[in-house]
Protein chains: 2
Amino acid sequence: MRLSKLTDYAVVVLARLEQDGAAPGKGQVQTAPGLAAATGIAEPTVAKVLKILGGAGLVEGVRGARGGYRLARTLDTVPLAQVIVAFDGPIALTACVDGGMGGCDAEAICPVRGRWDPVNDAIRNALSGITVAALAKPRFPWDLPYPANTDTAAASTLVAE
Amino acid sequence: MRLSKLTDYAVVVLARLEQDGAAPGKGQVQTAPGLAAATGIAEPTVAKVLKILGGAGLVEGVRGARGGYRLARTLDTVPLAQVIVAFDGPIALTACVDGGMGGCDAEAICPVRGRWDPVNDAIRNALSGITVAALAKPRFPWDLPYPANTDTAAASTLVAE
DNA sequence: AAGAAATAGGACCTCAGGGGTCCGCTTTCC
DNA sequence: GGAAAGCGGACCCCTGAGGTCCTATTTCTT
């Protein structure tokens with residue numbers, strides 16, 4: 001049920017990039033070592049996270065001296081689901097993804113085969129409706145335990161009761 | 001992002017119990033070896049699943065010869081979330097559960113601290129709104145790829161776009 | 001032109017936890 | 001009293017996440 005730690009780190013790194021003005025286009029860049037120092041995450045790990053984010057098209061790397069990374073897209077256009085997929089693979093609670101064949105021995109007699117699809121869809125939709133920006137927005141004043149601003153309130157209203 | 005295999009097995013076992021008439025109350029019981037044969041899951045594993053389900057109050061065991069298990073509650077009163085919690089622990093995508101303190105070194109500077117709470121709530125609500133019965137209901141005719149009956153359709157409508 | 005600084009892309013190691021099995025005890029029916 | 005079942009726990013194995021490091025490549029600076 002947990003997602004990988006790298007996904008968690010990725011959100012932090014993306015938030016930091018935005019906070020530091022490493023915006024899409026001609027913006028400034030941030031180095032991996034710099035981000036490691038700023039976030040408290042070990043430097044090799046930050047480098048790994050940035051490489052994966054680059055592969056997913058969420059950040060773009062600038063090579064060479066004075067290089068670094070900047071956001072490829074503004075965070076309010078990046079669904080959380082996309083980050084999760086980049087690090088954890090397809091979003092699905094069970095191994096039998098969307099009626100996928102093979103892999104499961106008991107497929108022929110399994111009484112719940114295919115039944116998980118709506119559940120997976122529900123999770124996917126929830127995670128697609130939340131942007132990374134909603135998780136990354138800096139807080140003023142600090143340490144509001146349960147901020148009720150519009151961006152995060154949207155996450156709650158994604159689910160009807 | 002995946003839940004444990006035992007959770008998956010649990011849903012199958014619960015479905016089988018209902019299908020075989022091991023209903024709450026004075027109903028018939030099913031033995032662990034019998035369920036193993038019926039579901040194709042290894043017998044020791046089925047036994048383990050049933051023990052955990054018993055601990056969670058979802059099935060009740062009848063000891064002694066001619067003993068077995070029966071459902072403690074009808075499946076339409078059991079939210080999927082409850083099964084998941086029994087096997088996977090609290091439902092949360094990240095280690096920092098609901099602003100939980102401790103555990104995370106970077107807590108002081110983490111820009112997304114507490115921000116995951118609405119996401120976790122969304123997942124929890126989605127999984128609480130789906131009953132095990134919706135996953136277990138036998139299908140006639142077999143192999144409808146995407147059944148649109150009321151029980152599972154509810155899962156999709158849990159999420160607004 | 002040489003060197004420094006940075007990303008890119010792997011290979012590699014370690015280890016915690018899930019997954020599965022087994023054993024001994026207790027309970028209850030025949 | 002014996003057999004059949006659940007109950008509770010200990011135990012092992014092995015995958016895969018998590019993390020580190022090395023090398024190649026690129027590009028700026030001097």
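To find a chain, count down the sequence lines: A is the first, B the second, and so on, and within it residues start at 1.
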Participant: Side-chain contact test, heavy atoms from C-beta onward, threshold under 4.5 Å: evaluate it for Glu18(B) versus Leu71(B) and give yes or no.
Facilitator: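 Of all side-chain heavy-atom pairs linking Leu71(B) with Glu18(B), at least one is under 4.5 Å.
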Participant: With sequence neighbours excluded, give me every side-chain hydrogen bond (donor to acceptor under 3.5 Å, both in side chains) pair touching residues 65-77 of chain B.
Facilitator: Glu60(B)-Arg70(B), Arg73(B)-Gln82(B), Thr74(B)-Asp76(B)
Participant: Identify the heavy atoms of Ala81(A) and Ser128(A) that sit nearest to each other, and give their distance.
Facilitator: CB-OG, 3.6 Å
Participant: Keeping the roles fixed (side chain from Arg16(B), backbone from Leu35(B)), state whether a donor-acceptor pair exists under 3.5 Å.
Facilitator: no
Participant: Got a second to check how far Ile84(B)'s CD1 is from Ile91(B)'s CD1, nearest 0.5 Å?
Facilitator: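 Output value for this atom pair is 5.0 Å.
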Participant: Chain A on DNA chain C: first and last contacting nucleotide, 5' to 3', under 4.0 Å to a heavy atom?
Facilitator: dA5(C) to dG10(C)
Participant: Can you check nucleotides 12-14 of chain D for protein contacts, nitrogen or oxygen pairs under 3.5 Å, and list what you find?
Facilitator:
none

Participant: Considering the options Val132(A), Leu6(A), Leu127(A), which one meets the side-chain contact (heavy atoms from CB on, under 4.5 Å) requirement together with Val83(A)?
Facilitator: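 Answer after filtering Val132(A), Leu6(A), Leu127(A): Val132(A).
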Participant: Does any non-hydrogen side-chain atom of Trp116(B) lie less than 4.5 Å from one of Leu135(A)?
Facilitator: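 Side-chain contact under 4.5 Å: yes.
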Participant: Give a yes or no on whether a salt bridge exists between Asp8(A) and Lys5(A), defined as a side-chain N under 4.0 angstrom from a carboxylate O.
Facilitator: no
Participant: Find the distance between OG1 (Thr39(B)) and CD (Gln19(B)) and round it off to the nearest 0.5 Å.
Facilitator: 11.0 Å
Participant: List in numerical order all residues of residues 63-73 of chain A for which some heavy atom is under 4.0 Å away from an atom belonging to DNA chain D.
Facilitator: Arg63(A), Gly64(A), Ala65(A), Arg66(A)
Participant: Using a heavy-atom cut-off of under 4.0 Å over every strand shown, decide if Tyr9(A) touches base, sugar-phosphate, or nothing.
Facilitator: sugar-phosphate
Participant: Is there a side-chain contact between Val119(A) and Thr94(A) in this structure, where contact means two heavy atoms from C-beta onward sitting under 4.5 Å apart?
Facilitator: no
Participant: Looking only at atom types and distance, does a side-chain atom of Asn120(A) sit under 3.5 Å from a main-chain N or O of Leu93(A), one as donor and one as acceptor?
Facilitator: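 At least one qualifying donor-acceptor pair exists.
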Participant: I'd like to know if the side chain of Arg115(B) and the backbone of Ala136(A) have a donor-acceptor N/O pair within less than 3.5 Å.
Facilitator: no
Participant: Rounded to the nearest angstrom, tell me the gap between atom CG in Leu6(A) and atom P in dG16(D).
Facilitator: 16 Å
Participant: Compute the angle between the rotation axes at the two ends of the helix from dA1(C)-dT30(D) to dC30(C)-dG1(D), each taken over five pairs, rounded to 10 degrees.
Facilitator: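 The value is 0°.
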Participant: dA17(D) P sits how many Å from Asp8(A) CG, rounded?
Facilitator: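 Rounding to the nearest Å, CG of Asp8(A) and P of dA17(D) are 16 Å apart.
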Participant: Could you measure the distance from the CD1 atom of Ile130(B) to the CG atom of Asn125(B)? Nearest 0.5 Å is fine.
Facilitator: 11.0 Å
Participant: Between Leu3(B) and Phe87(B), is any pair of side-chain heavy atoms under 4.5 Å apart?
Facilitator: no
Participant: In whole angstroms, how far is the P atom of dA5(D) from the CD atom of Gln28(B)?
Facilitator: 13 Å
Participant: Side chains of Ile123(A) and Met1(B): closer than 4.5 Å at any heavy-atom pair?
Facilitator: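 Side chain of Ile123(A) against side chain of Met1(B), heavy atoms only: contact under 4.5 Å found.
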Participant: Enumerate the residues from residues 45-61 of chain A whose closest heavy atom to DNA chain D is under 4.0 Å, giving them by residue number; use none for an empty result.
Facilitator: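 Going residue by residue through residues 45-61 of chain A, the ones with a heavy atom under 4.0 Å of DNA chain D turn out to be Thr45(A), Lys48(A).
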